[in-house]
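Input: a single structure, listed below in structure tokens.
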There are 2 protein chains.
Amino acid sequence: MTATPPLHLKPRKRPRQARATVTLDAILEATIQVLLSEGLHRLTTTRVAERAGVSVGTMYQYFPHKQALLYALNERYLDIVAGKVETACLELRGASTPEMVEALVATYWQAKTERRDVTRALYRSAVELDNEALIEAFAQRVDAATTAMFGSASDATYDDLALVNATLLAVIFGTVRNVFERNLPAGLETDIRKQLTIMCLCYLETARV
Amino acid sequence: MTATPPLHLKPRKRPRQARATVTLDAILEATIQVLLSEGLHRLTTTRVAERAGVSVGTMYQYFPHKQALLYALNERYLDIVAGKVETACLELRGASTPEMVEALVATYWQAKTERRDVTRALYRSAVELDNEALIEAFAQRVDAATTAMFGSASDATYDDLALVNATLLAVIFGTVRNVFERNLPAGLETDIRKQLTIMCLCYLETARV
DNA sequence: ACCTGAACACCGTTCAAGT
DNA sequence: ACCTGAACACCGTTCAAGT
């Protein structure tokens, strides 16, 4: 599913008893809650443990250090987003290019906008992380899904599909993040999303063989 | 030059004597050095003070807290990048749209690529910051410069220049950051830059009135 | 006007002791 | 097999004392 992550960031052990699973979920749930309510710089092992209803020691049985908490959170989140993109791509096999671009931008934008607070918090939390493996795994899944989709387009074929696809993804993902970080008025945000779609479309038009 | 930043992030006082100016510069220089050599999570007030050759107490006379160090660094950096974009835009007044797009992408890309380590470190350091004011000031300067430039194009006029311009900036800045974060092979990076230029160009073609 | 560094509150992480 | 929490090293920040 995902590329093997750096060992030191993985949970220390997998739960073998029911209560351990409960504990692990409680810790992750507490992490996102503290992150949202207190912010990254007030995300403390003590606070997370307290909120999860366990001792710090217990936390360290499951996660080798604080960063591993954020790593797990990002992993879960990126897995969900990648899944949504994959589903959308499968549904669109054989469709027309405009439909594909429209749906790709809409799906990704929607996935990020659904819970703005979570998206923002995770964008920020990812900074202290050795997150290249995470991003890479995500990129590869999405890349495979969209390449297959555009390759099946009913109205166009591309000379260098790999490059065209990589460009599209960099532009879409990058633009969404940029817009997100600037906290623009809702109206302008929507307008930019529409323009982005137009832009991708005319690019694909140009790139057709 | 820049919008007024949150007060709590500004240096505590401006130096009034020569040695104080030296001290302030030494602290900022030490900050970037420690950031580059040790990484964000090992950037410690003690370490910065030591490297700068002053005591922690002195550091706190100039900066109210650790974040203010990173804030100052980002401020200086964004000021330089904005300046480069402004200069390029002025030089291109009255040129053709293709020249403008090419130069805009090249200038920004170059500014970010020149010192990849610094760019990366600052992207990351900005996360814990209340950096909206900083980003906003940067965005406004650049927006004004590029709007004026595209408004002066010899070969095209645009119906909604403000929106077209905002879209272009979001796409270019966003894509550059995305590419940067993924650490792609140099060849692919260059290819994406070229594709990005093509994409912006055909978008402007479509957006002409 | 500027600098020092010991002192304080808090944080990440460990580990001997428990159930 | 899982959990506890006191203990340790370190970090951000302050402030009384110095030049």
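In the text below, chain A, chain B and the rest are named by the order of the sequence lines, each starting its count at 1. This one's a predicted model, so the numbers in the text were calculated from it and none came from an experiment.
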Could you check how far [atom1] of [X] sits from [atom2] of [N], rounded to whole Å?
| X | N | atom1 | atom2 | value |
| --- | --- | --- | --- | --- |
| A:E50 | D:dT4 | CD | P | 13 Å |
| B:Y62 | C:dA1 | OH | P | 12 Å |
| B:K66 | C:dC10 | NZ | C1' | 14 Å |
| A:Q67 | C:dG12 | CD | C1' | 11 Å |
| B:L43 | D:dC11 | CG | C1' | 12 Å |
| B:L24 | C:dC2 | CG | P | 11 Å |
| B:H65 | D:dT14 | NE2 | P | 10 Å |

For the residue pair [X] and [Y], establish whether any side-chain heavy-atom pair is separated by less than 4.5 Å.
| X | Y | answer |
| --- | --- | --- |
| B:T175 | A:T167 | no |
| B:V171 | B:Y203 | no |
| B:I192 | B:L188 | yes |
| B:E136 | B:Q140 | yes |
| B:R76 | B:D79 | no |

Closest to the [X] side chain: [options]?
| X | options | value |
| --- | --- | --- |
| A:Q61 | C:dC3, D:dC2, D:dC11 | D:dC2 |
| B:S55 | D:dG12, C:dG5, C:dT14 | C:dG5 |
| B:V56 | D:dA6, C:dG5, C:dG12 | C:dG5 |
| B:T58 | D:dC3, C:dC3, D:dT4 | C:dC3 |

inquiry  = For DNA chain D, report each stem as range with range, ordered by first number, or say none. Use Watson-Crick or G-U wobble pairs under 3.5 Å, at least 3 in a row.
reply    =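 Only these stems qualify: C:4-8 with D:12-16, C:12-16 with D:4-8.
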ask   = For B:Y60 and D:dT14, is the shortest distance between a side-chain N/O and OP1 or OP2 below 4.0 Å?
value = no
inquiry  = Would you say B:T23 places a side-chain N or O within less than 4.0 Å of OP1 or OP2 belonging to C:dC3?
reply    = yes
query = Looking at DNA chain D, which of residues 25-35 of chain A put a heavy atom within less than 4.0 Å of it?
reply =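 Output list: empty, so none.
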task = On DNA chain C, check which nucleotide each of A:R42 and B:M59 is closest to and give me the residue with the more 5' one.
result =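 Comparing both residues, the 5'-ward one is B:M59.
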inquiry  = Under a 4.0 Å threshold between the charged nitrogen and the carboxylate oxygen, would B:R51 count as salt-bridged to B:E38?
reply    =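 Judged by the 4.0 Å cut-off on N to carboxylate O distance, B:E38 and B:R51 do not form a salt bridge.
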message = For B:R193, is there an ion pair with B:E189 - N to carboxylate O distance below 4.0 angstrom?
response =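 No, this pair does not count.
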key: Distance under 6.0 Å and angle within 45° of ring axis: A:R116 vs A:F180   = yes
query = For A:T46 and A:V56, which heavy atoms make the closest approach, and how far apart are they?
reply = N-CG1, 4.3 Å
Name every donor-acceptor pair, under 3.5 Å, that has one atom in a side chain of residues 102-109 of chain B and the other anywhere in the protein, sequence neighbours excluded.
residue	atom	partner	partner atom	Å
B:T107	OG1	B:A103	O	2.7

task = For B:T44, answer base if it contacts any base atom (sugar-phosphate contacts may also be present), sugar-phosphate if it contacts only those atoms, and nothing otherwise; contact means non-hydrogen atoms under 4.0 Å.
result = sugar-phosphate
